[in-house]
There are 2 protein chains.
Amino acid sequence: MLEVRHLTTLLAIEEAGSLMEAAERLHVTQSALSHQLKDLEGRLGAALLVRRTRPVRFTTAGLRVLALAREVLPRVQQTERELKRLAAGQTGRLHIAIECHSCFQWLMPALDAFREHWPEVELDLSAAFSFAPLPALVRGDLDMVITSDPVENEAVKYLPLFRYELVLAVSRQSPLAASKWIEPEDITDQTLITYPVERERLDVFTAFLNPANAEPAAIRTAELTPMTAQLVAAGRGVAALPNWALTEYTEHDLLKTVRLGEKGVWRTLYAAVRVEDDHTPYMQEFWETAKELCFKTLSGVRAVKGS
Amino acid sequence: MLEVRHLTTLLAIEEAGSLMEAAERLHVTQSALSHQLKDLEGRLGAALLVRRTRPVRFTTAGLRVLALAREVLPRVQQTERELKRLAAGQTGRLHIAIECHSCFQWLMPALDAFREHWPEVELDLSAAFSFAPLPALVRGDLDMVITSDPVENEAVKYLPLFRYELVLAVSRQSPLAASKWIEPEDITDQTLITYPVERERLDVFTAFLNPANAEPAAIRTAELTPMTAQLVAAGRGVAALPNWALTEYTEHDLLKTVRLGEKGVWRTLYAAVRVEDDHTPYMQEFWETAKELCFKTLSGVRAVKGS
DNA sequence: TATGAATATGAGATATTCTCATGCTGGAAG
DNA sequence: CTTCCAGCATGAGAATATCTCATATTCATA
């Protein structure tokens with residue numbers, strides 16, 4: 001019945017004082033407005049305007065519609081502006097999930113920096129330890145997943161952040177501490193401390209132990225990186241962690257790190273996004289600033305070739 | 001760009017959870033909704049829905065439009081309901097002007113009674129002493145004019161309220177007080193007290209004195225009927241007033257009334273309305289209740305034949 | 001009563017929004 | 001892994017709706 005178009009017309013007529021002038025402002029013919037009004041009045045069963053006065057006078061019904069127009073049109077227009085910004089990628093939503101336990105360390109500063117540049121983007125962060133983040137990303141519940149485990153999916157693009165080395169943290173007193181590197185078999189008499197997730201999601205198994213069919217003497221879990229570090233420092237076990245997550249402990253000489261294998265185990269950390277979001281300005285910028293911040297902040301990380 | 005139709009559609013989709021079900025609720029085909037959405041999304045440059053989930057999921061842009069819909073649609077619908085009532089004459093505006101100074105006496109109770117039955121009708125009352133009420137009625141600034149002077153106009157209908165006699169109020173001591181009636185010449189040695197308006201609008205001139213070319217010895221004016229009555233009672237002059245406006249004074253024997261001419265001067269009081277408003281329910285009812293109330297309240301008034 | 005500015009109207013062009021028929025897709029079941 | 005099914009997309013064309021153009025009508029005014 002009533003449409004936004006009608007509200008726009010009525011408001012223009014009120015401001016202009018005549019159909020003639022209003023038509024000009026709206027870039028249509030006077031005839032168009034006349035027809036439009038006639039049609040609307042016919043369907044309403046009531047006149048909206050008295051045309052024979054100058055300026056035109058609104059009937060009670062007309063005033064009521066005018067009041068609606070004044071109330072509703074600004075909101076509609078504001079929404080349209082917001083949608084334009086959304087479409088242009090100048091604002092939007094960025095729900096991030098991390099699969100990487102240590103990532104809070106650099107992600108929080110990255111989020112803070114981002115928030116300053118894109119205050120209108122709705123930020124959210126969740127840990128993806130208890131659910132599969134990739135389907136959620138594809139479905140749209142998430143907008144970005146920080147992961148080192150790129151599962152091929154044509155709806156998802158993996159933006160590389162940096163390469164890092166997975167190293168073994170050992171206590172200063174550990175016999176392994178002196179080695180330049182260790183072999184998988186060196187862990188068979190050790191207690192391995194891991195995050196409490198399935199083996200398949202732990203790089204130390206998939207990239208180091210499993211290929212050699214090696215198995216640690218025991219496995220215990222710890223939720224948080226500082227807790228793991230403390231346990232290792234106390235000689236209660238060893239743990240495979242990103243080199244950059246251990247910097248503050250090695251710097252204070254609280255523990256030692258040893259390479260896994262002669263060449264080391266290198267991983268790449270990715271920001272996974274839906275392909276359609278790849279070129280969204282704020283997504284791009286988040287990726288770039290995060291990358292930059294990681295290089296500046298984290299020691300021992302490397303650029304990925306071609307990124 | 002955005003239209004009410006789109007808001008309705010989005011809200012229906014949200015409630016239904018699918019285009020299929022929403023289409024059914026809106027009594028259109030699923031195809032129509034699909035086309036409509038595609039078109040809108042195309043123009044916005046952004047997706048509103050993710051269709052491949054069940055129920056469908058809204059994108060950030062979709063949620064924004066949905067929020068607009070929830071905010072705007074109820075108001076649009078309420079306005080449409082009000083317009084329907086307006087068109088049906090169940091509500092509206094009743095701006096009344098009176099040309100008749102004494103009419104406040106019965107009009108106020110009439111308005112009070114009316115307000116109870118039609119609380120939604122916007123009532124207003126003004127005195128039409130300083131402007132021409134008929135053009136204002138035709139133009140639409142007024143909706144009803146209470147007058148005893150029906151000026152033929154094809155856009156205006158005169159609804160008769162009652163007939164009354166214009167009588168001469170004189171003091172108890174006046175020599176005229178004993179007469180059954182007076183002639184125009186009897187006033188030539190009297191001071192005539194009138195409302196402060198032009199002669200042409202005073203019935204005592206147009207219907208009694210002017211035809212006989214008679215002229216009072218002096219004319220003085222008084223704004224209000226009680227003031228006029230006091231002056232008359234004090235023997236400071238005579239005044240031509242509706243018989244019903246003098247009842248409370250004659251009952252207390254404060255003054256006397258005398259007929260103007262042998263047959264008396266009879267006038268009809270009308271409620272003038274625009275012809276297109278004639279059959280508006282609340283207009284009709286106002287007329288009828290006012291008429292009824294006048295007969296009950298005012299003594300000495302008569303019905304108009306055929307009303 | 002003529003005049004001019006504004007609105008109304010009819011006819012036809014144009015644009016839009018629908019329906020119909022049918023193709024496509026993702027998830028569930030075998 | 002295929003089949004099926006429910007739901008969405010799409011193309012074509014019908015049905016509407018909305019506009020423009022040309023012109024008539026109306027109203028206030030000189």
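Hydrogens, waters and symmetry mates play no part in the numbers below; they use all other heavy atoms, side chains included. In the text below, chain A, chain B and the rest are named by the order of the sequence lines, each starting its count at 1.
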Item to check | Pairs meeting criterion ring pair (Phe, Tyr, Trp, His ring centres under 6.0 Å) with involvement of residues 133-160 of chain B, two or more places apart | outcome: Tyr158(B)-Tyr270(B)

Next on the checklist: Please enumerate all residues that pass ring pair (Phe, Tyr, Trp, His ring centres under 6.0 Å) together with Phe205(A), with sequence neighbours excluded.
Outcome noted: none

Next on the checklist: Tell me every residue that passes ring pair (Phe, Tyr, Trp, His ring centres under 6.0 Å) with His101(B), counting only those two or more places apart in sequence or in another chain.
Outcome noted: Phe129(B), Tyr195(B)

Item to check | Selection residues 51-61 of chain B - residue pairs positive for side-chain hydrogen bond (donor to acceptor under 3.5 Å, both in side chains), sequence neighbours left out | outcome: Glu41(B)-Arg51(B)

According to salt bridge (charged side-chain N to carboxylate O under 4.0 Å, His left out), who are the partners of [X], at least two apart in sequence or on a separate chain?
X: Glu223(A); answer: none
X: Glu24(A); answer: none
X: Arg274(B); answer: Asp143(B), Glu276(B), Asp277(B)
X: Glu15(A); answer: Arg25(A)

Next on the checklist: Ignoring hydrogens and geometry beyond distance, is a side-chain donor-acceptor pair present between Glu99(B) and Thr147(B) at under 3.5 Å?
Outcome noted: yes

Checklist entry - Quick one: what's the B/S/- string for nucleotides 5-20 of chain D, heavy-atom cutoff under 4.0 Å, read 5' to 3'? => result --SBBBBB-----SSB

Item to check | Axial bend angle, the helix from dT1(C)-dA30(D) to dG30(C)-dC1(D): five-pair end segments, nearest 10° | outcome: 30°

Checklist entry - Can you give the first and last nucleotides of DNA chain C, 5' to 3', that have an atom under 4.0 Å from a heavy atom of chain A? => result dA6(C) to dA11(C)

Checklist entry - For Gln30(A), which residues count as a side chain to side chain contact (heavy atoms under 4.5 Å, CB included) partner, sequence neighbours excluded? => result Leu19(A), Met20(A), Ala23(A), Ser34(A)

